[in-house]
Structures are given as structure tokens and as C-alpha cells.
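Okay, structure first, notes after.
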2 protein chains.
Amino acid sequence: MKSVTIKDVAKRLNVSISSVSRAFNNSYDIKKETRERILRTAQEMGYYPNPIAQKLTQKKTFNIGVVVPEFINEYYSEVIRGIQDILTSLGYQVLIMQSDNKHERELKNVKTLIHNMMDGLIICPSVKSKNMDYYLDEINKGYPIVFLNRIEQSFPANKVLFNNTKWGFFATEHLIYQGYKKIYHLSGSNDLGITKDRTQGFIKALAKHGFSKDDYKVIETGILPENAMARVQELIDNKDLPEAFMCVNDLVALSTISVLRQNQIEVPNDIGVVGFTETKIADLVSPKLSSVKQPTYEMGKSAAEMLMKVIKKETMSSNTIILNGSLNIRESSIRANQ
Amino acid sequence: MKSVTIKDVAKRLNVSISSVSRAFNNSYDIKKETRERILRTAQEMGYYPNPIAQKLTQKKTFNIGVVVPEFINEYYSEVIRGIQDILTSLGYQVLIMQSDNKHERELKNVKTLIHNMMDGLIICPSVKSKNMDYYLDEINKGYPIVFLNRIEQSFPANKVLFNNTKWGFFATEHLIYQGYKKIYHLSGSNDLGITKDRTQGFIKALAKHGFSKDDYKVIETGILPENAMARVQELIDNKDLPEAFMCVNDLVALSTISVLRQNQIEVPNDIGVVGFTETKIADLVSPKLSSVKQPTYEMGKSAAEMLMKVIKKETMSSNTIILNGSLNIRESSIRANQ
DNA sequence: TGAGTTTTCGGAAACGTTTCCGTTGATTTA
DNA sequence: TAAATCAACGGAAACGTTTCCGAAAACTCA
């Protein structure tokens with residue numbers, strides 16, 4: 001378990017510790033031949049500089065921490081791919097921690113990463129900004145942090161966002177243009193800023209097109225199938241069905257379609273459905289699911305690039321990047337002519 | 001950016017550095033009152049022990065590294081949840097790295113984690129054991145490593161596995177019992193041990209039930225939709241369709257159903273389909289997808305528990321845990337009576 | 001009361017690096 | 001040829017802890 005240190009290499013070659021160090025950091029004041037000699041025998045002896053010791057003296061670790069709430073679908077997976085593609089090409093390593101949608105664990109993760117001297121952090125918060133003081137403190141101390149998704153636009157920090165209100169609006173307006181006159185929104189939790197924004201977009205679209213209070217409803221189902229299915233079944237039982245559903249995400253949309261089908265209600269012939277945060281399966285199911293695609297990979301890339309700028313001190317202020325998505329209209333929301 | 005160190009605390013209280021250290025490690029040889037006094041002012045000054053410096057002197061970091069190939073579906077997400085639930089309850093932190101299905105990046109990740117002094121590692125390899133020498137070296141040095149999934153049963157290390165051959169066999173036999181006489185297997189890459197094992201299970205089941213060479217085929221589609229869809233379309237064009245498909249995973253199964261539907265071929269009325277590595281959507285699509293459920297959460301738990309035993313030196317040998325799954329039969333593979 | 005024991009604490013080495021400073025010998029310059 | 005410059009290297013401090021060792025003070029016991 002004993003690993004070979006810089007001293008062992010120095011002793012073997014009868015050179016000083018400093019020279020070995022210089023050889024590895026290819027410093028200018030070392031002769032080319034000795035440098036090569038040192039590197040060669042170091043290789044033979046299986047020596048590599050201990051990163052922990054390096055961190056103690058240097059400031060840079062070339063490690064970047066990423067905190068995500070979950071991996072429930074490919075959303076954060078693709079975000080991380082975007083982050084990694086940028087950062088690994090620049091010689092950084094990406095360390096990921098999962099906070100399981102719990103704010104406390106998120107905070108603990110962030111502290112762990114900071115204390116382990118990450119050069120910077122990309123944080124995807126679990127819930128809407130409660131207790132962000134710690135983060136603000138660190139930012140003010142000069143610690144490089146970029147937020148991604150699920151954070152308020154007004155929060156004074158560098159961040160990469162998706163405009164959920166806007167695309168919630170478009171998704172809803174699409175249903176309206178299809179001629180659906182009564183539309184229900186199955187919404188996420190109100191604690192979650194992003195799903196709340198989608199709800200706002202929903203309401204804005206209805207307002208613009210003169211829907212009255214009787215023509216729509218917002219039903220808080222959360223983002224997981226179980227509860228959503230129960231609530232839809234309730235609607236059916238109460239004979240309180242709309243002409244279309246605008247759903248907080250694809251999982252809820254698929255759940256809705258599934259329950260409707262069990263009750264011999266067909267999508268889109270009887271009822272239209274549109275999802276949000278498109279996943280691969282949208283294109284594979286029947287009916288194919290209309291949904292809003294988020295630029296996940298690009299969001300990761302942007303966040304990584306922004307973080308690099310912060311680290312290089314090329315920017316100090318609180319920048320916000322808002323990326324565009326697309327509404328992919330498929331079968332589930334195409335209203336039959338009648 | 002200058003953080004407060006142990007010296008600052010010691011100086012403020014006119015005690016020695018050692019005493020402050022003792023206070024934090026609640027050592028036995030410090031008076032209770034001084035310990036509390038130190039802890040209190042340390043808190044006031046915002047001091048916490050620098051983990052990097054601690055790592056340099058101690059051997060334990062209470063950090064565990066996890067390397068996964070991807071987050072393409074909820075598979076590794078649930079594995080990680082299992083790992084985290086065990087380890088965080090024991091005071092450990094879990095650091096995750098994603099190797100993007102590339103062996104080189106996996107190796108780099110592992111080295112990064114080891115050099116950063118993780119107390120142990122759980123590795124989910126990306127491809128079948130090529131170049132495992134580095135891992136074996138570390139294990140022989142006494143470094144605690146547990147492997148999970150995608151590794152050969154003969155590999156001499158601690159590991160947690162799913163019996164892909166067995167459940168590939170059961171999935172296939174289920175189709176046979178349904179009366180399907182001609183069955184094709186859409187398989188993953190041969191480089192991937194686990195998908196190869198499923199293929200073996202497929203062939204075993206056919207052999208047991210006396211299928212001849214003409215009654216089955218193995219078609220290597222890989223694990224992603226695009227290629228699978230193309231290959232299925234080829235089969236349709238060549239009028240070379242089986243009575244049932246046994247698919248390497250759910251994504252390929254859904255892709256298959258989708259292509260068949262585009263060609264007016266209905267599942268399960270015309271053709272039966274069964275998937276593998278069940279995901280949430282299996283229950284939400286139409287027809288509901290029959291699939292093999294893997295005990296993902298439990299696999300993570302087992303791996304974490306096994307790693308703890310290795311770290312505590314309660315076990316030295318190469319243990320293998322093989323967990324059981326279940327075959328969930330739904331609509332897609334129920335053959336209509338005829 | 002004096003020897004032995006225990007409690008509590010300080011000093012200093014150690015962990016494995018980087019980096020500043022200084023020294024040596026060789027080379028250049030006037 | 002003497003002075004000045006330069007290339008190449010060694011020594012040692014520093015990073016922030018833990019821990020071993022030893023010593024002072026307090027306590028025990030006969």
C-alpha cells in the first residue's frame with residue numbers, strides 16, 4: 001500500500017527533490033537531459049505526483065464538481081455529457097454528486113466538493129431557492145459557481161436557464177390552435193420554480209386567447225406517474241374531462257394517456273395531450289408524443305463554458321444565459337378534423 | 001479567499017495546535033471545558049479542518065468513488081440511489097464519475113478517484129474486461145474495489161451481478177410457452193458481456209425446446225433505437241419476419257414495436273415482443289411492454305455493503321453476489337388464442 | 001509526605017508536494 | 001582577464017493537518 005514518493009525518485013537518481021518536481025512541472029530551469037532522465041526513471045518506478053499533496057501547495061486542482069438532483073430520465077445525463085465534453089477537452093475532471101432532490105443533501109454535497117478544492121462548481125438545485133445564503137457567501141468570496149436550471153431568474157449569480165414560461169405558453173397555444181376549447185394542466189409541485197413557470201405559461205396563453213375560468217384547470221399532480229394516474233382517474237370518474245391535457249412532463253403525459261386508454265378514451269381522437277422536456281421515448285410510443293424539447297446538451301456546454309470564464313476571471317458580473325428549445329408536434333396533440 | 005486555519009484558532013485561544021486538533025477529533029486526552037471552548041470559538045471564526053490536509057496525514061477520507069458508463073435510463077440512477085442510501089447513512093460521501101462508455105475515460109476516472117484518496121471504489125465497467133490489469137494491481141495492493149454489472153463472472157474480484165443468461169433464458173422460454181414458433185433476438189454488441197449473456201440464454205432456451213436453425217436468428221442491433229429500427233425495417237422489406245422478438249432492452253423493444261406499427265403490423269396480435277431491463281415506461285406504453293426487471297436498487301445496496309466489508313477487512317476473497325430479477329409479463333407478449 | 005499514576009497539554013516530526021532563495025560553475029562581455 | 005551574467009541545481013520553508021513523545025500539573029495512595 002506504500003506508494004513511491006518524490007523522495008524515492010530523488011534518492012535513486014542522486015538529485016534533489018526540487019529537481020524532480022521541476023522535471024514534472026517542466027520548469028524552465030532544468031537541463032533537458034536531466035529532466036528526461038528523471039521522467040524516465042520515475043515512470044519505471046511507477047511514480048506520479050500525489051494530487052493531495054499538490055492541492056495543499058497549489059491552488060488549482062483541475063477538478064470541477066457538479067451537483068444534480070437526480071437521474072430520473074436522460075435530462076441531467078445529457079447535461080452532464082455537455083459539461084464533460086467541454087471540460088475534459090480542457091484537461092479538467094468532472095466529479096458528480098447526486099442530491100436526491102433533497103436540499104440538505106445538496107448543501108452537504110456542495111460543501112464536500114468545495115472543501116475538496118474543486119476549481120469550480122456547477123449546481124443544479126433540487127428545489128426552488130430556499131436557503132441560498134451559503135452559495136451567495138461562497139460566490140462573494142470569489143468561488144466560481146454556475147447554476148443550471150431550477151433557479152430563479154432574479155437570483156444574482158451566473159446561470160444557464162431554459163425559459164419554461166415561454167415554452168409552456170407555446171405548448172398551450174399549440175393546443176389552442178388545434179381547436180381544443182377546454183384544457184387542463186397537470187402541473188408539478190409549486191415548490192419547483194420550473195414547473196410553476198410552465199403553469200404560468202399555460203395561464204398566459206389561455207388569457208391571451210380569452211379562455212374563461214370554466215375552460216381550464218390547473219391540477220397539481222407532481223412529476224411522477226403514480227399520483228398523476230390517480231388524479232386523471234378521478235377526473236374520469238367525476239366526468240370532468242377536458243378536451244386536452246398540457247402535462248408538466250413526458251412521464252405524466254404518458255401516464256395520462258395510459259389511464260385514458262384503460263377507460264377506452266383514445267388520444268388524440270378523443271383528447272389531445274402534450275408533454276414537456278422531451279425524452280427519447282416520445283418518438284417511440286403510440287401515439288407519438290408531442291413535447292417540448294429542451295437543449296440539454298447545450299445547456300451543459302454553456303454552463304461549462306461560462307464556468308471557465310468565471311475561473312479565468314474574464315467575467316465578474318451575474319450573467320444569465322437562456323437557451324431556446326423547440327416544440328415537436330407529433331401525433332398526440334393533432335386534433336382530428338370534425 | 002484566505003480561509004481560517006487551525007493556527008488562527010490556536011493563537012486566538014493561546015492553546016497549542018495539538019489541542020485544537022484534539023478538540024475536533026474528540027480525543028480522550030483533552031479536558032472537557034477546553035474542548036468546548038475551542039469548538040465554540042472555532043465555530044465563531046468559521047473554522048473547519050481542511051480536508052486536503054487531513055487526507056495527507058490520515059488514511060481515511062470517508063469518500064467513496066463510483067464510476068458508471070452512462071445515465072441513458074434510470075438503471076444506474078437507481079443503482080446509485082441504492083449505493084448512496086447505504087453509504088450516506090454510514091457517514092460516507094459518494095462521488096460519481098461518468099465514463100461515457102469509453103474504456104479509456106473509465107480508466108482515467110478510476111485513477112483520478114484513487115489518487116484523490118477515495119476509501120474505496122464501486123466500478124460499473126463500460127465494456128467487457130479489456131485491460132483490467134490496472135484494476136487487478138490495485139486490488140492486489142489491497143485497494144477496496146467492488147465491481148457491479150458488465151463484468152465476467154470468472155473475474156477474480158468482489159462483484160455484484162445480474163444473471164443475464166438465466167433471465168434471457170426465461171424471457172425466451174416465456175415466448176415459447178406462448179406458442180411462438182419462430183423467434184428472432186435483437187442483440188446488443190458482442191463486446192458487451194451482459195448482452196452476450198442474454199443471447200446465450202436465448203439460444204439455450206431454443207435448444208431446450210428443440211428449435212432448429214431455421215426457427216430463430218440473432219441480429220446484432222446494438223442497444224440504441226436508430227440501428228434497431230433500420231434492421232427491423234429491413235426484415236419487413238425482406239419479408240423475413242418472425243412470430244416474436246426477444247429484445248436486448250426496452251428501448252430496442254419499443255423501437256421495434258414502433259417500426260412494426262408503421263408497417264401496419266400489430267403487437268401482440270401479429271407479433272410478440274419482450275424487452276429487458278425494465279424501465280418505468282414499460283407500464284405506460286401501449287401495448288404494455290413485457291420485460292425483465294433487474295433489482296437495480298438492491299444491486300447498489302449490495303455493492304455498497306460488500307465494499308464496507310472489504311474496507312473493514314471482514315472479507316478478503318473474491319465474492320460474487322448474483323441477484324434475482326423478475327419477468328413481468330404484460331400485453332406485448334401475450335399471444336392471442338388462435 | 002513522597003513516590004507513583006493519571007490527566008492535560010505543548011513541541012515537533014511527519015505527510016508529499018511546490019517554490020523561493022541562494023550557490024556553484026560555466027559562459028559571456030568589455 | 002576581471003567582472004558580470006546565466007544556466008542548473010540544492011536547501012529549506014511552506015501548505016494545514018495528525019500524532020508521537022515527553023513534560024508539567026494534578027491526583028492517588030500508603
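Every chain is numbered from 1 and lettered A, B, ... according to where its sequence line falls, protein lines coming before strand lines. Quick note: numbers below take in every heavy atom, side chains included, and nothing from hydrogens, waters or symmetry partners.
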**Report entry** K60(A) atom NZ, neighbour heavy-atom count above 12 within 6.0 Å
**Finding:** yes
Query raised in the report: Taking the side chain of T34(B) as its heavy atoms from C-beta onward, which of dT18(D), dT18(C), dC9(C) lies nearest to it?
Result: dC9(C)
Query raised in the report: If you check the R22(B) side chain, which of dG10(C), dT18(C), dC9(D) turns out closest?
Result: dG10(C)
Strictly below 4.0 Å: does [X] bring a side-chain N or O up to OP1 or OP2 of [N]?
| X | N | answer |
| --- | --- | --- |
| S19(B) | dG10(C) | yes |
| N50(A) | dC15(C) | no |
| Y47(B) | dT17(D) | yes |
| S21(A) | dT18(C) | yes |
| Q54(B) | dT18(D) | yes |
| S16(B) | dG10(C) | yes |

Query raised in the report: Which comes earlier along DNA chain C counting from the 5' end, the contact point of A53(B) or that of K31(B), where each point is its nearest nucleotide?
Result: K31(B)
Report summary line: Per nearest nucleotide of DNA chain C, the residue lying toward the 5' end, S18(A) or D29(B), is D29(B)
Nearest-Å distance for atom pair [atom1]/[atom2], residues [X] and [N]:
| X | N | atom1 | atom2 | result |
| --- | --- | --- | --- | --- |
| K7(A) | dG11(D) | NZ | C1' | 13 Å |
| E33(B) | dA26(D) | CD | C1' | 14 Å |
| F24(B) | dT19(D) | CZ | P | 15 Å |
| N116(B) | dG16(C) | CG | P | 16 Å |
| K11(A) | dT17(C) | NZ | P | 13 Å |
| I38(A) | dC9(D) | CD1 | P | 8 Å |
| K55(A) | dC15(D) | NZ | P | 19 Å |
| Q58(A) | dG16(C) | CD | C1' | 12 Å |

Using a 4.0 Å heavy-atom cut-off, does [X] contact any base of the nucleic acid, only the sugar-phosphate backbone, or nothing at all?
| X | value |
| --- | --- |
| I52(A) | nothing |
| Y48(A) | sugar-phosphate |
| D8(A) | nothing |

Query raised in the report: Would you say the side-chain atoms of E106(A) pair up with the backbone N or O of S126(A), donor to acceptor, closer than 3.5 Å?
Result: yes
Query raised in the report: Between the side chain of Q84(A) and the main-chain N/O of Q98(B), is any donor-acceptor distance below 3.5 Å?
Result: yes
Query raised in the report: Relative to each other, are the rings of F24(B) and Y47(B) parallel, tilted or perpendicular (30° and 60° limits)?
Result: perpendicular
Query raised in the report: Do we see a donor-acceptor contact under 3.5 Å between the side chains of T61(B) and D119(B)?
Result: yes
Requested in this report: Establish, yes or no, whether the cationic atom of K301(A) lies under 6.0 Å from the six-membered ring centre of Y297(A) and within 45° of the ring axis.
Outcome: no
